[in-house]
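One structure below.
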Amino acid sequence: MTRVLELRSVRGTGGGPEKTILFGAEQHDRDRFAITVCYIRDMRDLVFGIDERAGRLDVDYVEVRERHSFDHRIWAQLVALAEARRFDIIHGHDYKTNLLAFLLGRRSGALALATSHGWTGQSARERWLYYPADRQILRRLPRVIAVSSEVRETLVRSGAHPSRVTVLLNGIDPGAFRRSRARRDRIRHQLGFSATDQVIGAVGRLETQKRFDLLLDAFGAMRHEWPNARLAIVGDGSLRAPLEAQAARLGLAGACRFLGHRLDIADLHDAFDLFVQSSEYEGTPNAVLEALAMETPLVATDVGGTSELALPDRHALIVPPHDVPALTTAMASALANPGAARERARAGRERVEHELSFAGRTRRLEEIYEQLMIDHGRSHAVRDTPTAVGVTGA
């Protein structure tokens, strides 16, 4: 039995990595792996929602609670957890927990591993301090998982040995994301859209990375030819008020709805005629995976692992980032040629079922764990049953 600690620090409701971590932990082969998911929770965060999401799944979930971002007390809690559970592998998922995984591995004797989901923050501290330091930590780990070829190339340029960096695209559960055309009109009615509206959907945190400002510009540019087009933006963040003000300035207030943070993404896709990703940076975008699984025609920017998930012109219309005219043209083309759009969506669904399923990704991750153990002579190690422990902090 290989015991793995999945370690993550995040605020609020999190994002795509939370789906990968939580659903992956639920789907592991429990005869061979014992997975513990541990989140470092800032007690000042009043909207933290990972515990609720974990509670709906069959996962071993614990928390380490901190008073602030540099609360040194969490180290003792993590050491206690590692000593009680006797982990074989500690798996970090962000710059903070990548460092902690490295240090905790040295303290406990466990093997440290990390998944690099990319570096999407925009603050000066992140760009010039945390992210460069993270890449230096990652180059010292025995194995790193990159969520796209672009992330892998960045790590190799930063000094990581190519043989230690493996690309593993995110996956999705095709059974949980399946289109139901019978629900279309009912969900549209609930959202305030009519049966004849052409509804364009977008999902993501309302932050600079997602470039919803460019999406609003593109939508405004196509509205004169598509007066029945409607835009539904799902998500929340620090830019909500500026984006709502931009929509008003463009005269889109009646055609654009900001739906806030939602958990019923699959239901919303049943109402969409088109899904658009306008990001300037991504790792492997879960929003694109969801659109593929839901057979929603897709327009997306060529960033991160997007074009590795949705092959250009086969599964989606892919455009350069920051190019409003190209985004406008692609959106209009998808609406004007619904037959071709549906064919791309059908091919995207097939790709999810055969190549991008969560089950398939989980099996590949297990192979990485097993190979890491073999490479370090631990594949046949036998340990006592770990002591049960629950860490919540103070």
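Residue indices begin at 1 and follow the sequence shown.
At a threshold of 4.5 Å between non-hydrogen side-chain atoms, the residues Arg186 and His189 do not count as touching. At a threshold of 4.5 Å between non-hydrogen side-chain atoms, the residues Gln277 and Thr301 count as touching. Between Met373 and Tyr369, every side-chain heavy-atom pair lies at or beyond the 4.5 Å cut-off. In this structure, Ile145 and Leu365 have side chains that are in contact, with non-hydrogen atoms separated by less than 4.5 Å. Asp134 places none of its side-chain heavy atoms less than 4.5 Å from the side chain of Lys96. When side chains are defined from C-beta on, Ile200 counts as touching Met222, because their heavy atoms get closer than 4.5 Å. Side-chain atoms of Ser238 and Glu207, non-hydrogen and from C-beta on, do get closer than 4.5 Å to each other. In this structure, Asp197 and Ser194 have side chains that are in contact, with non-hydrogen atoms separated by less than 4.5 Å.
Residues meeting the side chain to side chain contact (heavy atoms under 4.5 Å, CB included) test with Ala82, sequence neighbours left out: Phe87, Leu104, Ser108. For the ring pair (Phe, Tyr, Trp, His ring centres under 6.0 Å) test, residues two or more places apart in sequence or in another chain that qualify with His93 are His91, His117. Applying the ring pair (Phe, Tyr, Trp, His ring centres under 6.0 Å) criterion to Tyr39, with sequence neighbours excluded, gives no partner residue. In this structure Tyr281 satisfies the ring pair (Phe, Tyr, Trp, His ring centres under 6.0 Å) test with no other residue, sequence neighbours excluded. Every side chain to side chain contact (heavy atoms under 4.5 Å, CB included) that Leu214 has, sequence neighbours left out, goes to Arg211, Asp217, His322, Val324.
Residues Leu231 and Phe212 fall within the same hydrophobic cluster, defined by Ile, Leu, Val, Met, Phe, Trp and Tyr side chains chained together at heavy-atom separations under 4.5 Å. Note on Leu259: it does not cluster hydrophobically with Leu239, by side-chain heavy-atom contacts below 4.5 Å among ILVMFWY residues. There is a path of hydrophobic side-chain contacts, each under 4.5 Å, that joins Leu5 to Trp75. No continuous path of hydrophobic side-chain contacts links Val234 to Leu252 [ILVMFWY only; heavy atoms under 4.5 Å]. Transitive grouping of hydrophobic side chains (ILVMFWY, heavy atoms separated by less than 4.5 Å) keeps Val199 and Leu327 in distinct clusters.
Comment: Arg184 engages Asp273 in a salt bridge, judged by a side-chain N to carboxylate O separation of less than 4.0 angstrom. Remark: Glu367 does not engage Arg364 in a salt bridge, criterion side-chain N to carboxylate O under 4.0 Å. Checked for salt-bridge contact, Arg44 and Asp42 meet the test: a charged N lies under 4.0 Å from a carboxylate O. Using a 4.0 Å cut-off between charged nitrogen and carboxylate oxygen, Asp60 and Arg3 do not count as a salt-bridge pair. A salt bridge does not link Arg53 with Glu18: every distance from a Lys NZ or Arg NE/NH1/NH2 to an Asp or Glu carboxylate oxygen is 4.0 Å or more. For the pair Glu282 and Lys210, the salt-bridge criterion is met [side-chain N within less than 4.0 Å of a carboxylate O].
Counting only N and O atoms by type, the side chains of Gln136 and Arg139 include a donor and acceptor under 3.5 Å apart.
Aromatic ring orientation, Tyr95 versus Tyr131: perpendicular (interplanar angle above 60°, classes split at 30° and 60°).
By the neighbour-count criterion of 12 heavy atoms within 6.0 Å, atom CZ of Arg107 is sparsely surrounded, having that number or fewer from other residues, nucleotides or ligands. Other residues, nucleotides and ligands place more than 12 heavy atoms under 6.0 Å from the CZ atom of Arg11.
Sorted by first and then second residue, the side-chain hydrogen bond (donor to acceptor under 3.5 Å, both in side chains) pairs involving residues 339-352 (not counting sequence neighbours) are Glu343-Arg346, Arg346-Glu350, Arg349-Glu353, Arg351-Glu355.
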Exercise for the section: With side chain to side chain donor-acceptor pair (under 3.5 Å) as the test, would you mind laying out the steps for Arg152 and Ser116 before giving the verdict? Expected result: CA-CA 9 Å; Arg152 181 182 187 275; Ser116 179; over 6 Å; no
Problem - Check against side chain to side chain donor-acceptor pair (under 3.5 Å), Glu290 and Asn286 - result: CA-CA 6 Å; Glu290 290 164 355; Asn286 279 277; over 6 Å; no
